[in-house]
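First the structure, in the form of structure tokens, and then the observations on it.
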Amino acid sequence: MFEFLKKLMTNNKSVSANKTNSLHRILGTDIKEVPKSQEDEIIFGCGCFWGAEKCFWKLPGVITTSVGYAGGEKKNPTYYEVCSGITGHAEVVRVVWNVNEIDISDLLKMFWECHNPTQKNRQGNDMGTQYRSTIYYKNDRNKDKIYSSKEAYQKELYKNNLGHIETEIKKIDTYYYAEDYHQQYLAVEGSRQYCSASPTKVKLGSFNNCDYKLPKKVWDNFNWDIDKCVLRSNNKPIDINN
């Protein structure tokens, strides 16, 4: 992916570090929105952030998503710097959701199932610390559910002869928006439909304190047995009323 983006950046003279428009290409919401009283936010790293972001914007109850960099040391890192590995940042997706319509449990189900958390510092063909599996939270109210979901998913992975979860989980305060051309990239006309995520095909079931709000038919839209099923789907959010 890096070489492809290098060419894209070279050909696009309007690109500048962390220049980000605020309007979500699909949801029409402000990607820089500060969560309101009935909203919450979390940051996930699932390998290349292009496909990961699409996974989350399709879920009912998600208000906005964006891609960016988190978990490192340097302020305002650029894509080049993150890909070099020297900043310590991961490619991540910021998700803001309505807590009355979707629970963190649903988002965690998507997170664990959409990639392979047993791969360390890589996802599929993408290798490097920037592609590591991460969950970064900004407040403690979701902490218990995060760790409970990890414990439950680890048990399921072991049952399927898969390895140890390598996901980095920690509380952070800082998130840097990626450059504009990365935002909702898979929804851009003519974009390269790329995703390196390698789902384990293992599902997350019930776990301690879980409170799933989305109906089963939502998850029927994600058949991890089909290679790159997210890429094969349209960009529209899932409508639970249809």
Under the side-chain contact (heavy atoms from CB on, under 4.5 Å) test, which residues partner Lys120, sequence neighbours left out?
Glu166
Do Gln154 side-chain atoms and Glu151 backbone N/O form a donor-acceptor pair below 3.5 Å?
no
Are there more than 12 heavy atoms of other residues, nucleotides or ligands under 6.0 Å from atom CG of Asp225?
yes
For Lys155, I'd like to know if atom NZ has over 12 heavy atoms of other residues, nucleotides or ligands within 6.0 Å.
no
State, yes or no, whether a side-chain contact exists between Met110 and Phe222 at a heavy-atom distance under 4.5 Å.
yes
For the residue pair Ile43 and Lys138, what are the closest heavy atoms and their distance?
CD1-CE, 4.1 Å
Quick check: closest heavy atoms across Ser105 and Cys210, and the distance to 0.1 Å?
OG-CA, 3.4 Å
Counting C-beta onward and ignoring hydrogens, is there a side-chain heavy-atom pair between Ile165 and Tyr158 closer than 4.5 Å?
no
Can you confirm whether more than 12 heavy atoms, excluding those of Asn223, are under 6.0 Å from its CG atom?
yes
Could you pull out the closest heavy-atom pair between Asp227 and Arg232, with the gap in Å?
O-NE, 2.9 Å
Examine distances only and state if a side-chain atom of Lys58 and a backbone atom of Asn234 form a donor-acceptor pair shorter than 3.5 Å.
yes
Kindly confirm or rule out a cation-pi arrangement of Lys150 over Trp112, judged by NZ or CZ under 6.0 Å from the six-membered ring centre and within 45° of its axis?
no
Nearest heavy-atom approach of Lys109 to Lys203 is NZ-CB, 4.4 Å
Just checking, any donor-acceptor pair under 3.5 angstrom between side chains of Ser191 and Glu189?
no
Distance-only polar pair, side chains of His24 and Thr65, donor-acceptor under 3.5 Å
yes
Cut-off 3.5 Å, side chains only: do Tyr175 and Ser66 have a donor facing an acceptor?
yes
Assess whether salt bridge (Lys or Arg N to Asp or Glu O under 4.0 Å) is satisfied between Arg122 and Asp126, documenting all intermediate values.
CA-CA 6 Å; Arg122 66 174 297 179; Asp126 288 337; over 6 Å; no
Taking side chain as C-beta onward, heavy atoms only, is Trp224 less than 4.5 Å from Val230?
yes
Min side-chain heavy-atom separation Pro199-Cys114 under 4.5 Å:
no
Considering non-hydrogen atoms only, spot the tightest contact between Arg25 and Asp180 and give its length.
NH2-O, 3.4 Å
If we ignore hydrogens and angles and just use 3.5 Å, is the side chain of Gln119 paired with the main-chain N or O of Gly124 as donor and acceptor?
yes
Short question: side chain of Glu53, backbone of Gln184 - any donor-acceptor pair under 3.5 Å?
yes
Counting distance only, does the side-chain N/O of Gln183 pair as donor-acceptor with the main-chain N or O of Ala178 below 3.5 Å?
yes
So which heavy atom on Ala90 is nearest to which on Tyr136, and how close?
CB-OH, 4.4 Å
With the side chain counted from C-beta on, respond yes when Leu231 and Leu186 share a heavy-atom pair under 4.5 Å apart, and no when they do not.
yes
Counting distance only, does the side-chain N/O of Ser196 pair as donor-acceptor with the main-chain N or O of Gln123 below 3.5 Å?
yes
Tell me, do Asn139 and Asp40 make a side-chain contact under 4.5 Å, heavy atoms counted?
yes
As a test of understanding, state which of Tyr153, Phe44, Tyr137, Phe56 forms a ring-ring contact (aromatic ring centres under 6.0 Å, His included) with Phe111.
Phe44
Any donor and acceptor pair, going by atom type alone, linking the side chain of Glu91 with main-chain N or O of Phe49 inside 3.5 Å?
yes
Residue pair His115 / Ser198, side-chain donor-acceptor N/O under 3.5 Å:
no
Min side-chain heavy-atom separation Thr118-Leu157 under 4.5 Å
yes
Could you check whether Lys75 makes a cation-pi contact with Tyr176, meaning its NZ or CZ is under 6.0 Å from the centre of the six-membered ring and within 45° of the ring axis?
no
